[in-house]
There are 2 protein chains.
Amino acid sequence: MNNSERKKIIESIFQNIDNETIDIIIKYSSFLELNKGSVLISEGKRHHYFYLIVEGGVKSYYIKEFKEVCTWFAFENEIIGTTSTLQGLPSNESIQLLEDSRLIRFNTKKINELTLSNLKMCQLLNSLWAEHSLFLEERLRLLQFTNSQERLEALIKYNSEILQRVSLTDIASFLGVSRETLSRIRAKK
Amino acid sequence: MNNSERKKIIESIFQNIDNETIDIIIKYSSFLELNKGSVLISEGKRHHYFYLIVEGGVKSYYIKEFKEVCTWFAFENEIIGTTSTLQGLPSNESIQLLEDSRLIRFNTKKINELTLSNLKMCQLLNSLWAEHSLFLEERLRLLQFTNSQERLEALIKYNSEILQRVSLTDIASFLGVSRETLSRIRAKK
DNA sequence: ATAGCTTTGTGACATTTGTCACAATAATTA
DNA sequence: TAATTATTGTGACAAATGTCACAAAGCTAT
């Protein structure tokens with residue numbers, strides 16, 4: 001991927017940022033192609049990057065009693081990272097590629113520094129946080145007071161892409177039910 | 001509550017903000033004393049304020065099938081509002097006082113305007129969002145892959161204040177279990 | 001194509017949780 | 001204080017879900 005392609009993608013994601021800042025952002029980013037199974041962020045470690053998925057998909061999870069608990073999935077044009085990593089803490093979850101993927105990688109510290117002097121950048125981050133909070137609140141609602149049937153229906157309705165690109169084992173964990181229960185709910189319909 | 005008291009509290013919450021901005025924030029705020037049961041924000045409506053609890057407590061909830069589903073509780077020195085309200089949307093949940101409370105009320109629009117020109121204010125909002133995201137992510141973990149016993153234990157460990165100040169009916173709803181189940185788990189210990 | 005591995009489906013049974021009904025207790029108000 | 005209301009506890013039973021075991025189906029690589 002050449003520089004002008006990368007610029008186009010970054011411009012479409014980081015909207016309303018002046019040209020000069022975009023160039024700085026590009027300087028602080030790099031392009032990667034990685035294979036399915038690669039781990040971008042691993043639980044318990046400090047990391048210095050967040051990513052934009054150009055093509056491909058990832059899952060995020062943590063280990064509980066020797067088992068993976070999936071917390072979210074992401075695909076094309078989504079910005080991914082872990083909240084703890086963005087704050088300079090050891091990550092509370094891992095991020096792994098579900099497919100061979102093409103990614104743009106950003107340096108967390110450098111981007112954070114930009115927000116200290118660049119108001120637009122700071123505002124952009126604010127809107128990303130707000131969006132992220134809404135996403136989390138919706139997920140909380142889904143988990144707090146719905147049965148597994150309703151959760152699956154919501155997933156089909158609002159995130160049908162996940163169903164097509166993620167294994168049922170991971171989806172079950174994401175929905176907070178056992179693999180077997182998910183299998184049975186699917187059979188019932 | 002006089003102006004200098006209010007200034008002190010606001011300064012302790014909005015850290016690293018210059019004096020001039022603090023004065024503006026104070027101008028955009030007002031002090032309130034309200035009784036238990038008062039509703040600060042009601043589901044489905046647009047609101048133009050967020051609040052700081054000086055003394056007292058609140059619960060947030062939405063209605064599902066004629067029942068309240070509690071989403072969170074807050075007490076002294078916490079900033080409260082709903083994400084949807086902050087973004088100018090109709091609120092997706094209600095906020096009601098659990099106790100007679102003393103509050104400082106802020107004008108959302110005015111504060112949002114401040115972030116357009118004041119970098120410090122924008123950064124402050126960023127850190128509030130980040131903190132809020134971490135809070136939501138922890139709650140998600142608690143709900144996604146724990147049984148009711150573990151949820152109650154986590155609540156006792158990390159939010160014992162809630163147990164002392166909130167009815168078991170509301171706590172059960174917050175933990176995502178029926179009132180009866182919570183009652184039985186408590187009896188078992 | 002075949003052997004090996006991964007993913008998905010399904011039966012049997014135990015456990016957990018929800019629901020309904022009602023009793024016991026605590027808090028509030030006249 | 002007595003009456004009333006709100007909150008909490010508990011028994012009985014039904015429904016949902018988890019766990020374990022194993023079969024079926026899909027992939028992958030040689």
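Numbers restart at 1 for each chain; the letters A, B, ... are given by sequence-line order, proteins then strands.
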(message) For a quick test of reading the model, state the closest non-hydrogen atom pair linking Leu34(B) to Leu103(B) and the distance between them.
(response) CD1-CD1, 4.0 Å
(request) Summarise protein proximity over nucleotides 23-30 of chain D in one line of letters, 5' to 3': B for base, S for sugar-phosphate only, - for none, counting protein heavy atoms closer than 4.0 Å. (result) --------
(request) Whole angstrom is fine here: how far is it from CZ in Arg186(B) over to C1' in dT7(D)? (result) 11 Å
(request) Heavy atoms only: give me the nearest Arg6(A)-Ile26(A) pair and the separation to one decimal. (result) NH1-O, 3.6 Å
(message) What is the separation between atom CD1 on Ile185(B) and atom P on dG9(D), rounded to the nearest whole Å?
(response) 12 Å
(request) Taking all non-hydrogen atoms of both residues into account, name the closest pair between Ile95(A) and Ile80(A) and its distance. (result) CG2-CD1, 4.2 Å
(request) Calculate the interatomic distance between Lys64(A) atom NZ and dG18(D) atom C1'; express it in whole Å. (result) 13 Å
(request) Determine, for Lys157(A) against Glu153(A), whether the closest basic-nitrogen to carboxylate-oxygen distance falls under 4.0 angstrom. (result) no
(request) Ignoring backbone atoms, test whether Ser148(A) places a side-chain nitrogen or oxygen under 4.0 Å from the OP1 or OP2 oxygen of dA16(D). (result) no
(request) Measure the distance from NZ on Lys188(B) to P on dG9(D) and round it to the nearest whole Å. (result) 14 Å
(request) Write down the atom of Cys70(B), the atom of Ser173(B), and the distance for their closest heavy-atom approach. (result) N-OG, 2.5 Å
(request) Determine the minimum heavy-atom distance between Arg151(B) and Leu175(B), stating which atoms define it. (result) NH1-O, 2.7 Å
(request) Tell me which nucleotide among dT8(D), dG18(D), dT17(D) gets nearest to the side chain of Ser178(A). (result) dG18(D)
(message) Classify Ser167(A) by what it touches in the nucleic acid, base, sugar-phosphate, or nothing, heavy-atom distance under 4.0 Å.
(response) sugar-phosphate
(message) Rounded to whole Å, how long is the line connecting atom CD of Glu150(A) with atom P of dA15(D)?
(response) 17 Å
(request) Give the first and the last nucleotide of DNA chain C, reading 5' to 3', that has any atom under 4.0 Å from a heavy atom of chain A. (result) dT8(C) to dA12(C)
(request) Identify the heavy atoms of Glu43(A) and Tyr61(A) that sit nearest to each other, and give their distance. (result) OE1-O, 4.5 Å
(message) From CD1 of Ile171(B) over to C1' of dT8(D), roughly how many Å is that when rounded to an integer?
(response) 12 Å
(request) Check the distance between dT7(D)'s P and Leu163(B)'s CG and give it to me in whole angstrom. (result) 16 Å
(request) Taking atom NZ of Lys36(B) as the centre, report whether more than 12 heavy atoms of other residues, nucleotides or ligands fall under 6.0 Å from it. (result) no
(request) Measure from CZ on Arg184(B) to P on dA12(D) and round the result to the nearest Å. (result) 11 Å
(request) Could you tell me which residues satisfy side-chain contact (heavy atoms from CB on, under 4.5 Å) with Ser84(A), sequence neighbours excluded, listed by chain and number? (result) Thr82(A), Leu89(A), Ser91(A), Asn92(A)
